[in-house]
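Residue numbers start at 1 and run along the sequence shown.
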Amino acid sequence: MVFKMCGSFTCSKNALIALNIIYILVSFILIGVAAYSRAASIITNLAIVGGIIACGVFLFLLSLMGLIGAIRHHQVLLFFYMLILFLLFIIQFSIACACLAVTTEQQHQLAMEGWKRAKLNIKIKTQTIFHCYGFENQTYPPDNVLGGGVPYQNQCPPCWNILRNAINSSLKICGGIGLFFSFTEFVGVWLTVRYRNQRDPRANPSAFL
């Protein structure tokens with residue numbers, strides 16, 4: 001019953017399958033959180049948040065490859081899975097660190113550039129959703145922006161006062177989740193190397209796998 005021990009072929013196989021199932025769930029979490037973060041900061045269109053979304057999509061596709069490779073003990077699939085997963089670990093780790101390293105001044109600059117480049121309908125949508133007006137200077141909003149013809153003086157703060165909280169929390173959430181799960185990818189690389197070099201007890205005992 002050696003193969004039923006923790007370091008056995010079967011244990012490694014089941015662990016790798018379970019890990020890839022977790023990766024599928026993680027990919028949906030990354031995509032969902034990053035998509036929400038991007039929507040919460042409508043005008044900024046942050047590239048690093050888009051990078052988290054891309055990593056989530058790529059992780060989902062890679063997890064399917066890992067599942068097939070683990071179930072079949074396919075040497076070629078496991079090799080490319082291991083290699084790509086390590087590269088994804090480096091990319092996701094870098095993006096997550098970038099999210100956490102963005103300062104308040106950099107966030108302000110990104111938001112201001114996004115506001116300048118945003119189309120009028122995007123600005124109106126942002127002001128309507130967040131009940132704000134203008135980027136930094138508080139003014140009377142036109143009736144067709146928030147509607148109703150109600151005097152909004154001293155009631156509508158500048159949009160940056162609200163957007164900075166949304167942008168900051170978005171970056172911190174994306175960075176924290178991305179950083180945490182990037183280390184699980186490193187564990188996946190180690191587990192794949194170990195599993196790939198083990199022999200299948202059901203295969204020819206003289207065959208080296």
Side-chain angles (χ1 to χ4, degrees), residues 22-64 87-182 185:
I22 293 175
Y23 284 161
I24 292 177
L25 298 177
V26 169
S27 67
F28 285 119
I29 293 174
L30 288 175
I31 294 171
V33 171
Y36 167 78
S37 300
R38 201 166 197 177
S41 51
I42 299 172
I43 62 163
T44 55
N45 195 25
L46 294 172
I48 48 180
V49 176
I52 293 288
I53 296 177
C55 284
V57 174
F58 196 71
L59 180 61
F60 172 76
L61 298 176
L62 188 62
S63 300
L64 296 180
L87 294 176
L88 184 63
F89 158 74
I90 295 175
I91 294 172
Q92 186 170 317
F93 180 82
S94 302
I95 293 176
C97 290
C99 286
L100 295 174
V102 177
T103 63
T104 303
E105 292 75 15
Q106 291 171 330
Q107 293 175 22
H108 177 269
Q109 185 65 27
L110 288 170
M112 185 169 60
E113 290 297 324
W115 184 271
K116 290 178 180 178
R117 298 178 182 179
K119 296 180 180 179
L120 180 60
N121 62 323
I122 298 297
K123 293 181 179 180
I124 293 176
K125 182 180 179 181
T126 301
Q127 293 170 145
T128 303
I129 292 175
F130 293 100
H131 297 286
C132 59
Y133 189 74
F135 183 71
E136 289 183 292
N137 298 322
Q138 182 176 341
T139 58
Y140 285 101
D143 293 342
N144 62 347
V145 172
L146 297 177
V150 180
Y152 284 95
Q153 188 178 20
N154 299 324
Q155 293 182 14
C156 278
C159 290
W160 170 240
N161 291 357
I162 300 175
L163 287 175
R164 62 183 174 186
N165 295 326
I167 294 172
N168 184 63
S169 61
S170 299
L171 290 172
K172 294 298 181 283
I173 292 173
C174 287
I177 292 178
L179 188 63
F180 175 78
F181 287 115
S182 66
E185 293 163 5

Sorted by chain and residue number, the side chain to side chain contact (heavy atoms under 4.5 Å, CB included) partners of T103 (sequence neighbours excluded) come out as E105, Q106
Residue set satisfying ring-ring contact (aromatic ring centres under 6.0 Å, His included) with F180, at least two apart, ordered chain then number -> none
For N165, the side chain to side chain donor-acceptor pair (under 3.5 Å) test, sequence neighbours excluded, returns none
Heavy atoms of C159 and W115 approach each other most closely as SG-CH2, 3.9 Å
Heavy atoms of Y133 and Q127 approach each other most closely as CD1-OE1, 3.2 Å
Please report, to 0.1 Å, the donor-acceptor pairs under 3.5 Å made by any side chain of residues 92-102, with sequence neighbours excluded.
residue	atom	partner	partner atom	Å
Q92	NE2	G178	O	3.1
S94	OG	I90	O	2.8

Contacts of F60 meeting ring-ring contact (aromatic ring centres under 6.0 Å, His included) (sequence neighbours excluded), chain-then-number -> F28
Problem - H108 and F135 aromatic ring geometry - parallel, tilted or perpendicular at 30°/60° bounds - result: tilted
Practice item. Tell me, with the steps shown, if T104 and N168 meet side chain to side chain contact (heavy atoms under 4.5 Å, CB included). Key: CA-CA 8 Å; T104 303; N168 184 63; 5.5 Å; no
Residues V26 and L59: closest non-hydrogen pair is CG1-CD2, 4.0 Å
Heavy-atom nearest pair, I24 first then S63, reads CG1-CB, 3.5 Å
Looking only at heavy atoms, the pair that brings G56 and S27 closest together is O-CB, 3.1 Å
